[in-house]
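Have a look at the structure below before the remarks.
Below, chains carry the letters A, B, ... as their sequence lines are ordered, and counting in each starts from 1.
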There are 2 protein chains.
Amino acid sequence: MPISTVHTAPARRTIFHPKEWSEFVPVICSGWAVSSIALPDGRRQILAFLLPGDAVSTGFLFGPLSGRHVEAVTEVTYRRFKRNDLRALLFENSDLFDRISKTWTDERVQADQLALDLGRRTASERIARQILNLAERLAKRDMMSGQTMEFPLRQRHIADATGLTPVHVSKVLGEFQRAHLIEISGRSLTILNEAELRMAADWP
Amino acid sequence: MPISTVHTAPARRTIFHPKEWSEFVPVICSGWAVSSIALPDGRRQILAFLLPGDAVSTGFLFGPLSGRHVEAVTEVTYRRFKRNDLRALLFENSDLFDRISKTWTDERVQADQLALDLGRRTASERIARQILNLAERLAKRDMMSGQTMEFPLRQRHIADATGLTPVHVSKVLGEFQRAHLIEISGRSLTILNEAELRMAADWP
DNA sequence: CGGCCCTTTGACGGACGTCAAATAGCGTGG
DNA sequence: CCACGCTATTTGACGTCCGTCAAAGGGCCG
């Protein structure tokens, strides 16, 4: 049964259009993508960075979740699962149902934390948290070499994820580097002083 | 089968503790409540105002969603449904399942909008949107008399919902009133100029 | 009546945004 | 391989939105 097809998108290509009514739910296989929502005047909020293995949102299982934009950051390969196929699987297989509902509550917790970050945290905290968050997620996927990660994000991405401007992101990242918390060179980022970075992030 | 019990909480009382691991999911019957998440240092973000008929979150169906605080604004009556009873109902009744999954995607859209508001909108936009949003939800419940609604929220609530300070909320509400967009008196709020208020809110 | 919380107001400060210019990367094509 | 042009990053000066602090009412309940 062909329940999925594989696609490739180059960097910066749109994978899923905000107005698209699709019966497919996309899942990232390789590369980095970004899920966002935008206003007519151009203001944009990134809701999540998508890494290999991530689905856009479990919400996609039940409806098209219009308004969301999904875009490749690096070259990306992804699969498109038919919504109805997945729903059928869900009802046949109660183990799978449990895994999905777990993902669902995790996603809700993430959304709550995002609101808390955007509403109540300072610029430095938000940026430091994004870095630590990505490091943690990459580590789970065996995509960290020591404290170093591939870091394909433009500062514009970080700005849109944290509700800041690219200029201010540049200033904060500059401070972090001058304080030897992190080092960014080329397209990779190294955490030099994890303890201090966690302090800056007000991390648990 | 006793699947729910009714409780009453006076204003300001906690209905659901952030550390509580509960097998119950609360649903508001009357009054206003607030669902929030907080940092150790006291910063707080309100995630939703709960009106009669609202459950705290569909996420509660599948796990305890730790970290959330639910608190009465006015005197509140609510029911506590057993999680397992609800889950059982869900599997027996596929119509109910569809309704719940609809609620889930709605909730996801709300969460996305909250992030967009907090990350990318100005103070005035955020406050105007909260007012319009509440008016719309109250209208669906037949709880508006014309353009006037009961408005039990303290400015502290609005501040925590919009990521602002109570002082700044007071200033913006003052401007709105001097511009005759709204009028607040006692515990009720009237929308005087809906068109202008929608403009201020950058509303669709 | 008295205390407590809420709201309002004003002066001031700071975090972050805007604007602009200089520099550095990076992909493309000659 | 170099030249070119675009986009990203950095930096500084300056502006503004919103926060902080403080004081003065106002409303509500014991």
Problem set entry | Salt-bridge contact A:Lys171-A:Glu175 (side-chain N to carboxylate O under 4.0 Å) |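 A salt bridge is absent here (no side-chain N lies under 4.0 Å from a carboxylate O).
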Exercise. Is B:Arg80 salt-bridged to B:Glu20, cutoff N-O under 4.0 Å?
Worked result: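 B:Glu20 and B:Arg80: salt-bridged.
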Gap between atoms [atom1] and [atom2], on [X] and [N] respectively (whole Å):
X        : N      : atom1 : atom2 : answer
A:Gln177 : D:dT11 : CD    : C1'   : 14 Å
A:Leu164 : C:dG17 : CG    : C1'   : 10 Å
A:Ile184 : C:dA24 : CD1   : C1'   : 15 Å
B:His157 : C:dC6  : NE2   : P     : 8 Å
A:Glu75  : C:dG27 : CD    : P     : 13 Å
A:Glu175 : D:dT9  : CD    : C1'   : 15 Å
B:Leu153 : C:dC5  : CG    : C1'   : 16 Å
A:Ile158 : C:dC16 : CD1   : C1'   : 17 Å

Taking the side chain of [X] as heavy atoms from C-beta outward, which of [options] is closest to it?
X        : options                : answer
A:Thr122 : C:dC16, D:dA13, D:dG19 : C:dC16
A:Ala123 : C:dG17, D:dG19, C:dC16 : C:dC16
B:Lys171 : C:dT8, D:dT20, C:dG17  : D:dT20
B:Val167 : C:dG17, D:dA22, C:dA20 : D:dA22
B:Arg154 : C:dT7, C:dT18, C:dT8   : C:dT7

Side chains of [X] and [Y] only: does a donor on one sit below 3.5 Å from an acceptor on the other?
X        : Y        : answer
A:Gln177 : A:Glu183 : no
B:Glu107 : B:Ser57  : yes
B:His168 : B:Ser170 : no

Problem set entry | Nearest-nucleotide 5' precedence on DNA chain D, A:Gly174 against A:Arg120 |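 Comparing both residues, the 5'-ward one is A:Gly174.
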Is any side-chain nitrogen or oxygen of [X] closer than 4.0 Å to OP1 or OP2 of [N]?
X        : N      : answer
B:Arg121 : D:dC17 : no
B:Gln155 : C:dC5  : no
A:Ser170 : D:dT9  : no
B:Arg178 : C:dT8  : no

Taking atom [atom1] of [X] and atom [atom2] of [Y], what is their separation to the nearest 0.5 Å?
X        : Y        : atom1 : atom2 : value
B:Gln130 : B:Asp117 : CD    : CG    : 7.5 Å
A:Gln110 : A:Asn133 : CD    : CG    : 6.0 Å
B:Asp160 : B:Ile46  : CG    : CD1   : 5.0 Å

Exercise. Which heavy-atom pair separates A:Ser30 from A:Pro52 by the least distance, and what is that distance?
Worked result: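 That closest heavy-atom pairing would be CA-CG, 4.0 Å.
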Exercise. If an axis is fit to five pairs at each end of the helix from C:dC1-D:dG30 to C:dG30-D:dC1, what is the angle between the two, to the nearest 10°?
Worked result: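 Computed angle between terminal axes is 40°.
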Exercise. If you look at every strand shown and take non-hydrogen atoms under 4.0 Å, does A:Arg126 touch a base, only sugar-phosphate, or nothing?
Worked result: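 Result for A:Arg126 = nothing.
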Exercise. Looking for any heavy atom pair under 4.0 Å, which part of the strands does A:Leu173 touch: base, sugar-phosphate only, or nothing?
Worked result: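 Result for A:Leu173 = nothing.
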Please list each protein N or O that sits under 3.5 Å from an N or O in nucleotides 26-29 of chain D, with the distance.
none

Problem set entry | Criterion side-chain hydrogen bond (donor to acceptor under 3.5 Å, both in side chains) against B:Ser35, the qualifying member of B:His69, B:Arg68, B:Glu71 |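 Answer to the side-chain hydrogen bond (donor to acceptor under 3.5 Å, both in side chains) test with B:Ser35 among B:His69, B:Arg68, B:Glu71: B:Arg68.
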